[in-house]
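So the structure is just underneath, and the comments pick up after that.
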Amino acid sequence: MTKPTFSIVAPIYNELENIPELYPRVRDVMDQTGEPWELIMVDDGSTDGSTDVMRKLADNDERVRPVIFARNFGHQIAATAGVDYSRGDAVIIIDADLQDPPEVILDLIEKWREGFEVVYAVREEREGETWFKKVTASLFYRLIHAITNVDIPLDTGDFRLMDKKVVAVMRQMREKHRFLRGMSAWVGFKQVGVKYKRKPRHAGTSKYPLKKMIQFALNAITSFSYFPLQLATYIGFIAAGLSVVAIPVVAILRLTTGTALLGQATTLIIVLFLGGVQLISLGIIGEYIGRIYDEAKDRPLYIVAEAPADMENKEA
Ligand code: UDP
Ligand code: MG
């Protein structure tokens with residue numbers, strides 16, 4: 001097979017009904033570029049028969065390249081594996097549920113041809129998503145923007161094109177808890193956004209339940225910010241400052257009016273409040289320590305059970 005110019009990476013977890021639609025859409029779009037391409041489907045431990053559908057597609061079209069994981073490792077890791085295996089001069093990450101319309105890839109490629117090394121797709125509109133998802137996502141992007149010093153673009157998912165220069169750097173970044181959209185911003189180079197309308201899912205349901213969303217948000221924050229760790233310091237200064245002011249006030253009141261200002265209830269509330277703040281601070285430290293522990297163990301990011309014989313993992 002000739003070396004592809006473009007590698008499309010689609011992480012797939014139980015997308016049985018979407019794969020038969022994804023493949024022809026990607027094929028029709030990519031054939032318009034007039035350049036060789038490959039579609040790397042990373043099977044993230046699907047249990048619904050998606051794996052067999054991928055194998056069959058690969059039998060009929062050698063440009064389809066299934067990389068099959070030994071179990072579910074999560075979306076960000078699956079996308080990472082696709083990037084590790086890619087051979088193209090430009091790599092495009094796309095969701096398999098067709099929320100990211102493959103047609104937009106042509107706009108991404110156009111910008112790449114103009115000389116941009118990271119072209120990310122910005123969601124101008126999100127159709128068919130719950131208000132809960134929209135509100136939490138919007139808050140999340142703004143929070144990340146506020147507390148990190150990496151310029152992570154707002155309302156931007158993993159749907160993006162990366163030049164092979166960027167891919168080479170990404171292959172060296174082996175952190176276990178991954179926030180790809182932040183990592184590809186951190187790299188630098190010439191970056192630009194392209195607006196698009198995010199569609200509803202073609203079929204099936206979201207593979208991101210609330211628990212995974214929270215985990216994802218925590219990974220993003222801890223990977224790119226120390227702010228949560230500094231919070232304890234700030235609250236400590238405020239509490240200490242308040243107590244310094246409160247001591248003379250209470251003393252004067254006691255001496256002049258003779259009444260004890262504070263009752264048991266007030267004491268209880270303050271003890272509970274500060275106890276709570278301390279436990280939360282410990283929990284925050286715990287989040288970071290857990291991640292340090294995962295890095296220290298240094299286990300492989302993913303385990304590939306099956307990949308085409310001529311595919312090579314270029315992980316640095
Ligand atoms: N996905 C994956 N592993 C997972 C969860 C999701 O590979 O553990 C894939 C999924 O098949 C889809 C993409 O990641 O192609 C985005 O997931 P989803 O559409 O469920 O997320 P949402 O769009 O609801 O945020
Ligand atoms: Mg989706």
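Just so you know, these numbers come straight off a predicted model, no measurement behind them. Count residues from 1 along the sequence. One-based numbering, in listed order, for ligands and for the atoms of each.
Sorted by chain then number, the residues whose non-hydrogen atoms approach ligand 1 to under 4.0 Å are Pro11, Ile12, Tyr13, Glu15, Asp44, Asn72, Gly74, His75, Asp95, Ala96, Asp97, Gln99, Lys133, Arg198, Arg201, Ser206, Lys207, Tyr208, Lys212.
Cation-pi geometry between Arg291 and Tyr293 is not satisfied (NZ or CZ under 6.0 Å from the ring centre, within 45° of the ring normal).
A salt bridge is defined here as a Lys NZ or Arg NE, NH1 or NH2 lying under 4.0 Å from an Asp or Glu carboxylate O, and Asp294 with Lys297 meets this definition. At a threshold of 4.0 Å, the pair Asp31-Arg63 counts as salt-bridged, since one of the basic side-chain nitrogens sits closer than that to a carboxylate oxygen.
Applying the side chain to side chain donor-acceptor pair (under 3.5 Å) test to His145 and every residue at least two apart in sequence or in another chain returns nothing. With sequence neighbours excluded, the residues forming a salt bridge (Lys or Arg N to Asp or Glu O under 4.0 Å) with Glu103 are Arg25, listed by chain and number.
Under 3.5 Å, the side chains of Arg142 and Ser138 contain a donor-acceptor pair of N or O atoms. Side-chain atoms of Thr33 and Arg113 form no donor-acceptor pair, as typed in the model, at a separation below 3.5 Å.
Ring pair Tyr302/Phe69 is parallel by interplanar angle, where below 30° counts as parallel and above 60° as perpendicular.
Between Phe189 and Phe116, the ring centre distance reaches or exceeds 6.0 Å.
Counting only protein atoms, the N, O or S atoms lying less than 2.8 Å from the Mg ion (ligand 2) are Asp97 OD2, Gln99 OE1, ordered by chain and residue number.
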